[in-house]
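For reference, the structure is listed below as structure tokens.
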Amino acid sequence: MTTAFILVALALIVIYAGPTLLYICVGYADYVIERRRHLLAVKHAVKRRSDEL
């Protein structure tokens with residue numbers, strides 16, 4: 001009985017919060033990609049500057 005209640009509750013959460021969870025996941029993925037791109041740009045700039053010295 002408890003397992004069925006938990007499964008129904010999880011199904012309702014997924015159904016009603018599905019779009020919100022999707023937006024959160026996509027937003028976090030975008031943040032991670034942009035952060036990685038920024039760190040690579042900084043790393044490249046530091047390397048280029050150290051090559052000039």
Side-chain angles (χ1 to χ4, degrees):
M1 179 66 181
T2 305
T3 304
F5 178 74
I6 291 172
L7 290 177
V8 169
L10 286 174
L12 289 174
I13 290 170
V14 169
I15 290 169
Y16 288 112
T20 305
L21 293 174
L22 181 64
Y23 293 142
I24 291 171
C25 291
V26 169
Y28 183 72
D30 182 54
Y31 166 77
V32 169
I33 291 169
E34 289 297 322
R35 181 83 174 145
R36 181 178 294 167
R37 184 180 302 161
H38 174 73
L39 289 175
L40 286 174
V42 169
K43 184 178 178 182
H44 180 69
V46 168
K47 184 178 178 184
R48 189 179 64 222
R49 184 174 172 99
S50 66
D51 288 344
E52 292 174 359
L53 296 176

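Within the structure, the side-chain hydrogen bond (donor to acceptor under 3.5 Å, both in side chains) test picks out no pair touching residues 11-33 (sequence neighbours left out).
In this structure, Leu10 shares a hydrophobic cluster with Ile6, the cluster being traced through Ile, Leu, Val, Met, Phe, Trp and Tyr side chains under 4.5 angstrom apart. By the 4.5 Å side-chain criterion applied to Ile, Leu, Val, Met, Phe, Trp and Tyr, Ile24 is assigned to no cluster and stands alone. Under the 4.5 angstrom side-chain criterion for Ile, Leu, Val, Met, Phe, Trp and Tyr, the cluster partners of Leu22 are Val26.
Atom CG of residue Leu7 and atom OG1 of residue Thr2 lie 11.0 Å apart, to the nearest 0.5 angstrom.
Looking at residues two or more places apart in sequence or on another chain, you find a side chain to side chain contact (heavy atoms under 4.5 Å, CB included) between Val42 and His38, Val46. Qualifying salt bridge (Lys or Arg N to Asp or Glu O under 4.0 Å) partners for Arg37, counting only residues two or more places apart in sequence or in other chains: Glu34.
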